[in-house]
Trainee: 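Have a look at this one before I ask anything.
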Amino acid sequence: MVTVDWRLIGMAMGFYEGHGFKRVDMPWQVGRETAMVTCPDASRMFAFEDKVLVGSAEQAFMEAQFLSALEPGRYVTCTPCFRNEPIVDEFHQKQFMKVELYSNEKDQDSLYVDFAHLARHFLYHHGYTEAQLVETAEGFDLEVGGIEVGSYSSRVHKGHAWTCGTGLAEPRFSTAKALLRSASG
């Protein structure tokens with residue numbers, strides 16, 4: 001079993017800060033209505049009282065933006081992601097850590113492409129050159145050996161527009177990298 005590479009998470013946070021993202025701490029819980037924008041299946045959420053644990057920091061950023069508590073800009077944070085996955089395996093966990101990129105700047109046109117290329121550059125900068133960008137219905141995925149290690153998209157909800165993407169998901173990236181090494185080794 002591969003564990004979270006905390007050192008790599010710290011390096012990712014510093015890398016994105018160095019590329020103009022403002023580091024912020026975001027809550028690990030949001031209102032159910034906010035979470036349902038990106039996860040309409042309530043059975044996949046971990047709920048308590050009137051809140052749910054975030055499935056991604058995107059939900060925390062969204063809620064702050066909806067409440068006008070987030071000034072326009074580019075942000076990076078690291079939070080756990082809680083997901084009630086129907087199948088748990090080495091790539092689908094009920095909780096994991098993720099560095100999340102977020103922008104609520106005015107012009108969101110194809111910004112997700114920039115986020116995806118920047119994440120790919122981070123992986124390349126840290127010695128991993130095999131990451132591929134794959135177009136999806138919502139934007140792009142970043143794949144390592146056919147395994148999705150990041151996703152990037154722009155969204156609009158009730159007049160609010162934003163772009164989000166994975167800066168680094170752990171231990172998914174380390175697991176994908178380890179599997180590729182063992183397959184080629």
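Side chains included, hydrogens not; waters and symmetry mates left out as well; all remaining heavy atoms used. In this text, all values refer to a predicted model and were calculated from it rather than measured experimentally.
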Trainee: May I ask you to decide if Gly150's main-chain N or O and Glu148's side chain share a donor-acceptor pair within less than 3.5 Å?
Mentor: yes
Trainee: For a quick test of reading the model, state the closest non-hydrogen atom pair linking Phe115 to Cys164 and the distance between them.
Mentor: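 Here Phe115 and Cys164 meet closest at CD2-C, 4.0 Å.
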Trainee: Hey, what do you get for CD (Gln132) to CD (Glu143), rounding to the nearest 0.5 Å?
Mentor: 8.5 Å
Trainee: Could you check if a side-chain atom of Thr175 sits within less than 4.5 angstrom of a side-chain atom of Arg172, using non-hydrogen atoms only?
Mentor: no
Trainee: Applying side chain to side chain contact (heavy atoms under 4.5 Å, CB included) between Leu101 and each of Tyr112, Tyr75, Phe21, report the one that passes.
Mentor: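 Per the side chain to side chain contact (heavy atoms under 4.5 Å, CB included) rule, the option paired with Leu101 is Phe21, out of Tyr112, Tyr75, Phe21.
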Trainee: Would you confirm whether Asn84, through its side chain, and Ser43, through its main-chain N or O, come within 3.5 Å as a donor-acceptor pair?
Mentor: yes
Trainee: Do Glu105 and Ser103 meet the criterion of a side-chain donor-acceptor pair at a distance under 3.5 Å?
Mentor: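 Yes, because at least one side-chain N or O of Glu105 sits under 3.5 Å from a partner of the opposite role on Ser103.
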Trainee: Pair Arg74, Leu111 - check side-chain contact (heavy atoms from CB on, under 4.5 Å), show working.
Mentor: CA-CA 11 Å; Arg74 290 186 183 189; Leu111 187 57; 2.9 Å; yes
Trainee: Check this for me: Asp25, atom CG, are more than 12 non-hydrogen atoms of other residues, nucleotides or ligands nearer than 6.0 Å?
Mentor: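 No - once you tally the heavy atoms of other residues, nucleotides and ligands closer than 6.0 Å, there are 12 at most.
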Trainee: Sort and list the pairs that fulfil side-chain hydrogen bond (donor to acceptor under 3.5 Å, both in side chains) and have at least one residue in residues 5-22, not counting sequence neighbours.
Mentor: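 Residue pairs with at least one partner in residues 5-22: Glu17-Arg23.
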Trainee: With rounding to the nearest 0.5 Å, note down the distance linking CE in Met62 to CE in Met26.
Mentor: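 If I round to the nearest 0.5 Å, the distance is 11.0 Å.
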Trainee: The test is side chain to side chain donor-acceptor pair (under 3.5 Å); show your working for Gln65 and Tyr102 and say whether it passes.
Mentor: CA-CA 11 Å; Gln65 184 176 344; Tyr102 190 89; 2.5 Å; yes
Trainee: Would you say that Trp162 contacts His160 through its side chain, given a criterion of any heavy-atom pair below 4.5 Å between the two side chains?
Mentor: yes
Trainee: Using a 4.5 Å cut-off on heavy atoms from C-beta on, say whether the side chain of Met13 contacts that of Cys78.
Mentor: yes
Trainee: What's the shortest heavy-atom distance between Phe48 and Gln29, and which atoms?
Mentor: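 For Phe48 and Gln29, the tightest heavy-atom pair comes out as CZ-OE1, 2.6 Å.
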Trainee: At their closest point, which heavy atom of Val99 faces which heavy atom of Ala12, and how far apart are they?
Mentor: CG2-CB, 4.2 Å
Trainee: Between Thr34 and Val30 (side chain of the first, backbone of the second, donor and acceptor by atom type, cut-off under 3.5 Å), is there such a pair?
Mentor: no
Trainee: Test side chain to side chain donor-acceptor pair (under 3.5 Å) on Thr166 and Glu100 and set out the steps.
Mentor: CA-CA 5 Å; Thr166 306; Glu100 183 81 18; 4.9 Å; no
Trainee: Are Val149 and Leu133 linked, directly or through intermediate hydrophobic residues, by side-chain heavy-atom contacts shorter than 4.5 Å (ILVMFWY only)?
Mentor: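 Linked, Leu133 and Val149 end up in one cluster.
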Trainee: May I ask you to check whether Phe66 and His157 place their ring centers less than 6.0 Å from one another?
Mentor: yes
Trainee: Are Val54 and Met97 connected in the hydrophobic side-chain network, where two residues link if heavy atoms are under 4.5 Å apart?
Mentor: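 No, it is not one cluster - the side chains of Val54 and Met97 are not joined through contacts under 4.5 Å.
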Trainee: Could you see if Phe96 belongs to whatever hydrophobic cluster contains Phe173? Use Ile, Leu, Val, Met, Phe, Trp, Tyr and a side-chain cutoff under 4.5 Å.
Mentor: no
Trainee: Verify side-chain contact (heavy atoms from CB on, under 4.5 Å) between Leu142 and Tyr152, making sure each step is shown before the conclusion.
Mentor: CA-CA 8 Å; Leu142 187 60; Tyr152 310 88; 3.8 Å; yes
Trainee: Honestly curious: do Val24 and Val76 fall in one hydrophobic cluster under the side-chain, below-4.5 Å linking rule?
Mentor: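 No, no single cluster joins them.
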Trainee: Is there a path of hydrophobic side-chain contacts, each under 4.5 Å between heavy atoms, that joins Trp28 and Phe61?
Mentor: no
Trainee: Provide the closest heavy-atom pair for Ala119 versus Gly167 in the form atom of the first, atom of the second, distance.
Mentor: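 Looking at all heavy atoms of both residues, the closest pair is CB-O, 4.5 Å.
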Trainee: Salt bridge check: are Lys98 and Glu170 linked by an N-O gap of less than 4.0 Å?
Mentor: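 No, Lys98 and Glu170 are not salt-bridged.
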Trainee: To the nearest 0.5 Å, how far apart are CD in Gln59 and CE in Met36?
Mentor: 11.0 Å
Trainee: Return the CG to CD distance between Asp50 and Glu33, rounded to the nearest 0.5 Å.
Mentor: 12.0 Å
Trainee: Check step by step if ring-ring contact (aromatic ring centres under 6.0 Å, His included) holds for His121 and Phe15.
Mentor: CA-CA 10 Å; His121 180 70; Phe15 176 83; 5.7 Å; yes
Trainee: CG of Leu70 to CG of Asn104: how many Å apart, nearest 0.5 Å?
Mentor: 4.5 Å
Trainee: Tell me the closest heavy-atom pair linking Phe46 and Arg83, and the distance in Å.
Mentor: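 Shortest heavy-atom separation between Phe46 and Arg83 comes out as CE1-C, 3.5 Å.
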Trainee: Can Glu58 and Thr38 be said to form a side chain to side chain donor-acceptor pair (under 3.5 Å), step by step?
Mentor: CA-CA 9 Å; Glu58 175 187 8; Thr38 60; 4.9 Å; no
Trainee: I'd like to know if the side chain of Thr136 reaches the main chain of Asp141, judged simply by a donor and an acceptor atom lying under 3.5 Å from each other, with no hydrogens or angles considered.
Mentor: no
Trainee: Drop me the distance from Ser174's OG to Ile9's CD1, to the nearest 0.5 angstrom.
Mentor: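 So the gap between those two atoms works out to 8.5 Å.
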Trainee: Closest heavy-atom contact between Cys39 and Met45?
Mentor: O-CE, 3.0 Å
Trainee: Gln95: what forms a side-chain contact (heavy atoms from CB on, under 4.5 Å) with it, not counting sequence neighbours?
Mentor: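 Expected list: Phe82.
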